[in-house]
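These notes are about the structure you will find just below.
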Amino acid sequence: ACNGLVNILGNVNLDAHGEDYLPLIDVSDILLFSDLLENEELINDCHSLDLLEDGQINQWDLIVLVDHVMAGN
């Protein structure tokens with residue numbers, strides 16, 4: 001369910017670890033984000049994809065996610 005713990009910006013595949021459900025944001029999120037841009041029908045209500053928070057989900061958001069992952073954040 002969309003619980004606000006795992007469902008955060010950048011955690012596209014909604015995975016987590018530990019008892020505290022710490023979100024994992026990594027290369028797999030980048031790959032899934034790219035797939036979702038190609039087929040928007042796969043996006044569900046739990047996805048938080050608007051990383052720029054500009055009301056649009058597009059390649060710019062993907063670039064922000066790539067930068068985030070590459071910086072190790």
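The model shown is predicted, which means the values in this text are computed figures rather than measured ones. For reference, positions follow the sequence shown, starting with 1.
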- [ ] Take atom CG of Asp45 as the centre, draw a 6.0 Å sphere, and report whether it contains more than 12 heavy atoms from other residues, nucleotides or ligands.
- [x] no

Task: Side-chain touch Leu51/His68, heavy atoms, less than 4.5 angstrom - done: no

Open item on the list: Taking Met70 as the starting point, is it possible to reach Trp60 by hopping between hydrophobic residues whose side chains are less than 4.5 Å apart?
Closed with: yes

Open item on the list: In this structure, would Leu22 and Leu9 fall into the same cluster of hydrophobic residues linked by side-chain contacts under 4.5 Å?
Closed with: no

- [ ] Check Leu5 against Ile8 and note the closest heavy-atom contact, atom names and distance.
- [x] O-CG2, 3.7 Å

Open item on the list: When you group the ILVMFWY residues by side-chain heavy-atom contacts below 4.5 Å and let the links chain together, are Leu24 and Val6 in the same group?
Closed with: no

Task: Heavy-atom pair of closest approach, residues Pro23 and Asn11 - done: CB-ND2, 3.4 Å

Open item on the list: Tell me the closest heavy-atom pair linking Asp50 and Gln56, and the distance in Å.
Closed with: OD1-O, 2.9 Å

Task: Leu65 side chain near Ile25 side chain, heavy-atom distance below 4.5 Å - done: yes

For residues 29-37, which side-chain N or O atoms pair as donor and acceptor with protein atoms under 3.5 Å away, sequence neighbours left out?
unit_1	atom_1	unit_2	atom_2	d
Asp29	OD1	Val12	N	2.9
Asp29	OD1	Asn13	N	2.9
Asp29	OD2	Asp26	N	2.8

Open item on the list: Show, in sequence, the C-alpha distance, side-chain angles and deciding distance for His47 and Leu42, and conclude whether the side chain to side chain contact (heavy atoms under 4.5 Å, CB included) test is met.
Closed with: CA-CA 10 Å; His47 285 119; Leu42 299 175; over 6 Å; no

